[in-house]
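These values consider heavy atoms only, across backbone and side chains, with no hydrogens, waters or symmetry-generated copies. These numbers were taken from a predicted model, which means no experiment stands behind them. Numbers for residues simply follow the sequence, beginning at 1.
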Amino acid sequence: MENKKVLLGMSGGVDSSVSAYLLKEKGYDVMGITLELFAGSSCCNTETYIDAKNVCNSIGIPHITYNQKENFKFKVIDNFINEYSKQRTPNPCIECNKYMKFGAMYEKAKEMECEYIATGHYAKTQYSEKYQRYVLKKSNNKAKDQSYVLYSVPKELLGKILFPLGDFETKEQVREVAKTNNLKTANKPDSEDICFIPDGNYKKFLENNSNLKPKKGNIVNLKGEILGEHNGLYNYTIGQRKGLGISYKEPLFVIGFNSSKNELIVGTQIEILKKEMYVNEINLLLIDELKEPMRVAVKTRYSSKEDIATIEMIDKDLIKVIFDNPAQRITPGQSAVFYIDDIVLGGGKILK
């Protein structure tokens, strides 16, 4: 008999609640798990645990919590701080998915003899006859699609992951399922901020949790002309326009850093554009290796539009991306994710 045991990550929100209900309806033997990651975070507090447990009780499935605070600090928070200290802009959700939800949680699932793990992400996995493997695809909800933050999942796990919300086209449809079935979280608002910075003030978080402190320096253009003063390089990210405090004849954007001189480099709309970039820490899902140049669509931030480009492997862990049209806001530390139609080819971290 097929093992239909599934361990479902539950954040106490409506997405994971509806996922639990749908899996149970499909006949899976479901257990909910809430990862304890960071005390006081938006996905790790008393209300979160209570909401997740209440939903599990209401649909008749067990619920457990799993302490991963130390692992989360090491893999996600320390990485977040370290990246900003190097003038890179991290995406902690990607690290959390890689090491927590599809790392530690999957190990727990194996320990509990679960065949599958599941989350409330908006994405799809399915077997592709064309590629002869399980693939990661965009969800039907184009506005909420989260395939971008899932590219780092190990490809051997794709056949073991369930995304019950993948076919929903709108968030309203998901909430309707919750309301119809009297799930307590039906009207719970979405959490938009980084979970461990619920007030959204990442600068204060960095100053309170690291040795990064305000340190004034010059704001310069590409000619080296001093245009103003900054208060610490960690306060800025590539592409940033607001908060520079500069009066100039045309809009200026952050385009780089000179950490040795403690200088923030700004430029015009044209100067921020890049024709190519380099990506490392590669994870390929659709193919085992990139043997020749490929045409792909590329997303360089979760909220950015896709750019058409050619990608080429130029070293063991280095891909060169050449855009058809110059792209903006190419930000070291963020991830570049490559798509073939609606399938995730793979991705990596933007190096430069």
Side-chain angles (χ1 to χ4, degrees), residues 79-80 82-95 138 142-152 192-194 197 200-203 206 219-222 227-228 230-246 248-259 263-282 295-311 318-339 344-352:
N79 173 267
F80 182 82
N82 189 45
E83 289 285 84
Y84 269 108
S85 73
K86 295 176 179 177
Q87 290 79 58
R88 291 165 57 86
T89 306
N91 186 323
C93 294
I94 288 173
E95 302 304 306
K138 294 178 182 176
K142 300 311 177 192
K144 285 277 185 183
D145 175 62
Q146 292 172 299
S147 58
Y148 173 87
V149 296
L150 295 167
Y151 81 89
S152 60
E192 300 291 345
D193 292 313
I194 296 170
I197 312 179
N201 191 340
Y202 82 91
K203 299 169 187 176
L206 290 170
I219 300 177
V220 302
N221 60 18
L222 287 174
L227 303 179
H230 69 78
N231 61 348
L233 295 179
Y234 62 90
N235 289 301
Y236 304 89
T237 185
I238 300 290
Q240 180 176 334
R241 178 181 172 184
K242 295 179 180 177
L244 298 179
I246 300 172
Y248 200 66
K249 60 187 177 186
E250 59 184 305
L252 292 175
F253 303 82
V254 175
I255 62 171
F257 306 89
N258 186 332
S259 52
E263 288 180 340
L264 182 68
I265 305 168
V266 296
T268 63
Q269 180 81 56
I270 292 175
E271 290 171 330
I272 199 175
L273 296 174
K274 293 188 75 170
K275 181 68 177 170
E276 60 186 47
M277 68 177 175
Y278 293 86
V279 178
N280 68 353
E281 296 184 40
I282 308 299
R295 300 279 291 158
V296 297
V298 188
K299 281 190 80 166
T300 54
R301 290 201 182 204
Y302 173 63
S303 58
S304 70
K305 67 176 181 62
E306 293 174 5
D307 293 295
I308 305 303
T310 300
I311 59 173
L318 191 64
I319 285 177
K320 183 178 183 179
V321 182
I322 303 171
F323 296 102
D324 281 15
N325 300 303
Q328 57 182 343
R329 296 177 77 204
I330 302 304
T331 309
Q334 288 285 297
S335 290
V337 179
F338 313 128
Y339 291 87
V344 178
L345 171 70
K349 296 281 183 65
I350 297 172
L351 184 64
K352 59 181 179 176

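Contact annotation: the side chain of Ile319 never approaches that of Tyr278 to less than 4.5 Å [non-hydrogen atoms, C-beta and beyond]. The shortest distance between side-chain heavy atoms of Cys93 and Tyr302 does not fall below 4.5 Å. Using a 4.5 Å heavy-atom cutoff, the side chains of Leu264 and Phe257 are in contact. Put simply, the side chain of Ile308 reaches to within 4.5 Å of the side chain of Arg295, judged on heavy atoms. At a threshold of 4.5 Å between non-hydrogen side-chain atoms, the residues Leu345 and Ile311 count as touching. The side-chain heavy atoms of Lys349 and Arg88, taken from C-beta on, include a pair separated by under 4.5 Å. Within the 4.5 Å cutoff, no side-chain heavy atoms of Ile255 are placed close to those of Val266. Residues Phe338 and Val321 have side chains in contact (heavy-atom distance under 4.5 Å, counting atoms from C-beta outward).
Between the CG atom of Leu227 and the CD1 atom of Ile265 there is a distance of 11.5 Å, given to the nearest 0.5 Å. Rounding to the nearest 0.5 angstrom, the gap separating the NZ atom in Lys86 from the OG atom in Ser259 is 11.5 Å. Considering CG of Asn91 and CG of Asn79, their distance stands at 10.0 Å, rounded to 0.5 Å. Thr89 OG1 to Gln240 CD: the interatomic distance, rounded to the nearest 0.5 Å, is 9.0 Å. Annotation: the span from Ile219 atom CD1 to Leu244 atom CG amounts to 6.0 Å, rounded to 0.5 Å. In this structure, CG on Asp307 lies 9.0 Å from CG on Asp324, to the nearest 0.5 angstrom.
The two residues Met277 and Ala336 come nearest to each other via the heavy atoms CE-CB, 3.5 Å. Closest non-hydrogen pair, Gly333 versus Glu83, comes out as CA-OE2, 3.8 Å.
Scored by the salt bridge (Lys or Arg N to Asp or Glu O under 4.0 Å) test, Glu263 finds no partners at all (sequence neighbours excluded). For Tyr84, the ring-ring contact (aromatic ring centres under 6.0 Å, His included) partners at least two apart in sequence or on another chain are Phe80, Tyr202. Applying the salt bridge (Lys or Arg N to Asp or Glu O under 4.0 Å) criterion to Lys320, with sequence neighbours excluded, gives Glu276.
Of the residues Glu250, Arg241, Gln328, the one that meets the side-chain hydrogen bond (donor to acceptor under 3.5 Å, both in side chains) test with Gln269 is Gln328.
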*Could you walk me through whether Val344 and Leu150 pass the side chain to side chain contact (heavy atoms under 4.5 Å, CB included) check?*
CA-CA 9 Å; Val344 178; Leu150 295 167; over 6 Å; no
_Derivation of the side chain to side chain donor-acceptor pair (under 3.5 Å) call for Thr331 and Arg301_ = CA-CA 9 Å; Thr331 309; Arg301 290 201 182 204; 2.7 Å; yes
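Summarising the local packing, NZ of Lys352 is surrounded by 12 or fewer heavy atoms from other residues, nucleotides or ligands at distances under 6.0 Å. In this structure, Lys142 places its NZ atom where more than 12 heavy-atom neighbours from other residues, nucleotides or ligands lie under 6.0 Å away.
No donor-acceptor distance shorter than 3.5 angstrom exists from the side chain of Lys203 to the backbone of Leu206, with no hydrogens or angles considered. Judged by distance alone, with hydrogens and angles left aside, the side-chain atoms of Lys275 form a donor-acceptor pair with the main-chain N or O of Phe323 at under 3.5 Å.
At a cut-off of 3.5 Å, with distance as the only test, a side-chain donor of Tyr236 or Asn231 sits close to an acceptor on the other residue.
Ion pairing between a basic and an acidic side chain is recognised when a charged N comes within 4.0 Å of a carboxylate O; Lys138 and Glu306 show such pairing.
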